[in-house]
Amino acid sequence: MAYDRRELAAVFAGGALGTLARAGLAVLVPTRPDDWPWATFTANIVGAFLLGVFVTRLLERLPVSSYRRPFLGTGVCGGLTTFSTMQVETLTMLEHGHYGLAAGYTASSVVMGLTVAYLGTVLVRQVRVRR
């Protein structure tokens, strides 16, 4: 199977940017087991919103490009968001007996993520297309 090296480079570059943004946020806003993990929550919600915007815009508004979606969607948004960190933080909350916090964090992450992805799509579709 042949791989498009430029597409892989786009995913790599976008992933590096997204991951650096998330890591920077985690350094700025550290989390304890009894606190709401604002850094991860914010990164995931912003990433879900951007994914809704990027995918809708790229698929419905811009000419087809081989590298925009891998760079922005898979790369930037994939690097920015982190389900695995959310899982670890949730398990840590549970291990420390913070059951309500863990349930609220998990539920709100999923609900808010889906909601903002939808809102991103709606916002892109409301912008008039210039002809």
Side-chain angles (χ1 to χ4, degrees):
M1 175 177 216
Y3 294 100
D4 182 344
R5 291 175 191 243
R6 291 173 293 191
E7 185 176 351
L8 290 173
V11 171
F12 178 81
L17 289 175
T19 301
L20 286 171
R22 178 173 41 86
L25 192 57
V27 168
L28 289 173
V29 187
T31 301
R32 295 187 338 248
D34 60 337
D35 282 341
W36 189 270
W38 284 109
T40 304
F41 183 77
T42 301
N44 286 340
I45 300 308
V46 169
F49 176 78
L50 290 175
L51 190 62
V53 169
F54 292 154
V55 170
T56 305
R57 182 154 170 78
L58 293 172
L59 291 177
E60 297 179 7
R61 304 295 172 129
L62 295 175
V64 174
S65 166
S66 298
Y67 309 111
R68 286 186 194 127
R69 197 165 63 174
F71 175 77
L72 293 169
T74 307
V76 172
C77 292
L80 179 61
T81 61
T82 173
F83 185 72
S84 58
T85 301
M86 186 185 96
Q87 286 181 309
V88 169
E89 289 167 342
T90 301
L91 289 173
T92 302
M93 290 175 202
L94 293 171
E95 289 170 354
H96 287 86
H98 304 292
Y99 305 113
L101 184 63
Y105 176 52
T106 302
S108 63
S109 293
V110 171
V111 170
M112 286 292 297
L114 291 171
T115 301
V116 298
Y118 175 75
L119 288 174
T121 297
V122 168
L123 287 174
V124 169
R125 289 179 177 162
Q126 286 182 348
V127 174
R128 289 190 342 187
V129 178
R130 294 183 204 175
R131 300 211 185 237

In terms of ring plane angle, is the pair Y105 and F41 parallel, tilted or perpendicular, where the classes change at 30° and 60°?
tilted
May I ask whether L50 and L123 are part of the same hydrophobic cluster, defined by side-chain heavy atoms of I, L, V, M, F, W, Y residues being less than 4.5 angstrom apart, directly or through others?
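Yes, L50 connects to L123 through the hydrophobic network.
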Examine V46 and V76 and state if one hydrophobic cluster contains both, with Ile, Leu, Val, Met, Phe, Trp and Tyr joined whenever side-chain heavy atoms are less than 4.5 Å apart.
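Same cluster.
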Measuring from atom [atom1] of [X] to atom [atom2] of [Y], what distance do you get when rounded to the nearest 0.5 angstrom?
X    : Y    : atom1 : atom2 : answer
T121 : Q126 : OG1   : CD    : 11.0 Å
T85  : N44  : OG1   : CG    : 8.0 Å
F54  : F49  : CZ    : CZ    : 9.5 Å
T42  : L28  : OG1   : CG    : 11.0 Å
F83  : T90  : CZ    : OG1   : 8.0 Å
F71  : F12  : CZ    : CZ    : 12.0 Å

Donor-acceptor contact present, side-chain [X] to main-chain [Y], <3.5 Å:
X   : Y   : result
D34 : H98 : no
D4  : R6  : yes
R22 : G79 : yes
H96 : T92 : yes

Short side-chain donor-acceptor distance under 3.5 Å, E89 and T31
no
Do you see a donor-acceptor pair shorter than 3.5 Å between the side chains of Y67 and E7?
no
Yes or no on side chain to side chain contact (heavy atoms under 4.5 Å, CB included) for Y99 and L94, after CA distance, side-chain angles and deciding distance?
CA-CA 5 Å; Y99 305 113; L94 293 171; 3.5 Å; yes
Nearest non-hydrogen partners of [X] and [Y], listed with the distance:
X    : Y    : answer
M86  : T40  : N-CG2, 4.1 Å
V111 : T115 : O-OG1, 2.7 Å
A48  : T81  : N-CG2, 4.1 Å
S108 : W36  : OG-CH2, 3.1 Å
L80  : A43  : O-CB, 3.5 Å
A39  : L25  : O-CD2, 3.3 Å

From L51, V55, V53, residue fulfilling side chain to side chain contact (heavy atoms under 4.5 Å, CB included) relative to C77
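For C77, the side chain to side chain contact (heavy atoms under 4.5 Å, CB included) test succeeds with only one of L51, V55, V53, which is L51.
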Contact check, side chains of V124 and E60, non-hydrogen atoms, under 4.5 Å:
no
Pairwise side-chain contact, P30 with W38, heavy-atom cut-off 4.5 Å (strictly under)
no
Assess whether atom CZ of R57 is packed by more than 12 heavy atoms of other residues, nucleotides or ligands within 6.0 Å.
no
Could you walk me through whether R69 and T74 pass side chain to side chain contact (heavy atoms under 4.5 Å, CB included), step by step?
CA-CA 7 Å; R69 197 165 63 174; T74 307; 5.7 Å; no
